[in-house]
Amino acid sequence: MKDSQHTPSTPSSDPGSPIHSSKKIIVAIDGYSGCGKSTTAKLVASQLGYTYIDTGAMYRAVTLYFLEHYVALDNPVEVQKALNNIHISFTFNPKTEQSETCLNGLNVEEEIRKMYISEKVSEVSAIPEVRRAMVRQQQQIGKKRGLVMDGRDIGTKVFPDAELKIFMSADIQIRAARRQLELLEKQELVNLQDIILNLETRDRIDTTRKESPLTKADDAYSIDTSFMTIDEQVDYIVYLATAKIASANTERPATGSPE
Ligand code: DC
């Protein structure tokens, strides 16, 4: 870890505490598939009172659209035409208390988590036109700051100026077992070996693609989540974020005005 001398703490509910201060930051969480990024990011956002954006869901929604419309992935004109017809939004489901993904107004949250989408999403997200369109939307969303965003290129490409960057990794066997459990909870039974293969393929495509490959930003904190609980991950990131928010709010404005 970049800073291993940390004491995870629960943020104060005191309105004068750093997380309630006026200047908001961006928390960028990148890493490999299945490290617990989304679950962690969601909880961190909720504790900070920030917006959570799952950028993987955006690439999954594009993949769903491309598959449903038989878009030829090697035809940039067709890809661009399809992208012009895609509108991705997020809606809050009060029942699950989760933000869910909508594609052209239709809730696709369940569909985009299925294995057939996972098998195609890295290929789709490596297409330069797709990346440009998604990055543009993500930067637009982040203009107001006060955001926790997770993905593969958030700290390197989408918000290279993010105040807090996290890079997550974990043992592949552990990642696969976690993913298998997640799928099982949604009544999808998938062989562990198939999940390992899918994770390895996605890691390879995500880290070797030409446009903004998955890589750790120099100023990111590394977290290996193999033997950490979700609560430990959340506590650590909230601890780091609280310190960053405090320092963002104590920075002195530039002195002296132009004559
Ligand atoms: O986080 P996830 O597993 O839902 O992401 C699905 C895929 O989307 C992942 O294999 C790579 C791609 N992705 C990306 O290229 N850039 C992002 N910022 C987020 C996801």
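Worth saying up front: this structure is predicted, and the values here are computed from it rather than measured. Residue numbers start at 1 and run along the sequence shown. Order of listing sets the numbers, starting from 1, for every ligand and every atom in it.
Ion pairing between D161 and R145 holds under the 4.0 Å rule for side-chain N and carboxylate O. Between E211 and R132 a salt bridge is recorded (basic side-chain N to carboxylate O distance below 4.0 Å). Salt bridge status for E110 with R113: absent, with no side-chain N to carboxylate O gap under 4.0 Å. One finds no salt bridge joining K81 and E78 here, because no Lys/Arg side-chain nitrogen approaches an Asp/Glu carboxylate oxygen to under 4.0 Å.
Counting heavy-atom neighbours within 6.0 Å of K157 NZ, excluding the residue itself, gives a total of 12 or less.
Of the protein's non-hydrogen atoms, R60 NE, 2.8 Å is the one closest to atom 4 (O) of ligand 1. Residue, atom and distance of the protein heavy atom nearest to atom 12 (C) of ligand 1 are S125 OG, 3.4 Å. Closest to atom 9 (C) of ligand 1, if we only count protein heavy atoms, is R152 NH2, 3.2 Å.
Checking only distances, D153 does come within under 3.5 Å of ligand 1, N or O to N or O. Between T55 and ligand 1, a contact under 3.5 Å exists for at least one N or O pair. When only interatomic distances are considered, the shortest N/O to N/O separation between R202 and ligand 1 falls below 3.5 Å.
Contact annotation: M58 has no heavy atom less than 4.0 Å from any atom of ligand 1. Under a 4.0 angstrom heavy-atom cut-off, R209 registers as being in contact with ligand 1.
Closest heavy-atom contact between M58 and I88: O-CD1, 3.5 Å.
Counting the atoms of ligand 1 from 1 in the order shown, those under 4.0 Å from a heavy atom of D206 are 9 (C), 10 (O), 11 (C).
Checking R131, M149, K37, M134 against atom 16 (N) of ligand 1, the nearest heavy atom belongs to R131. The closest heavy-atom contact to atom 10 (O) of ligand 1, among the options S122, G56, A126, comes from S122.
Only one option out of I237, D150, L147 pairs with V27 in a side chain to side chain contact (heavy atoms under 4.5 Å, CB included); it is I237.
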Show which side-chain atoms of residues 28-37 pair as donor or acceptor with protein atoms under 3.5 Å away, not counting sequence neighbours.
{"residue": "D30", "atom": "OD1", "partner": "R152", "partner atom": "N", "Å": "3.2"}
{"residue": "D30", "atom": "OD1", "partner": "D153", "partner atom": "N", "Å": "3.1"}
{"residue": "D30", "atom": "OD1", "partner": "I154", "partner atom": "N", "Å": "2.9"}
{"residue": "D30", "atom": "OD2", "partner": "I154", "partner atom": "N", "Å": "3.2"}
{"residue": "D30", "atom": "OD2", "partner": "G155", "partner atom": "N", "Å": "2.7"}
{"residue": "S33", "atom": "OG", "partner": "R152", "partner atom": "NH2", "Å": "2.9"}
{"residue": "S33", "atom": "OG", "partner": "R202", "partner atom": "NH2", "Å": "3.2"}
{"residue": "K37", "atom": "NZ", "partner": "G31", "partner atom": "O", "Å": "3.2"}
{"residue": "K37", "atom": "NZ", "partner": "Y32", "partner atom": "O", "Å": "2.8"}

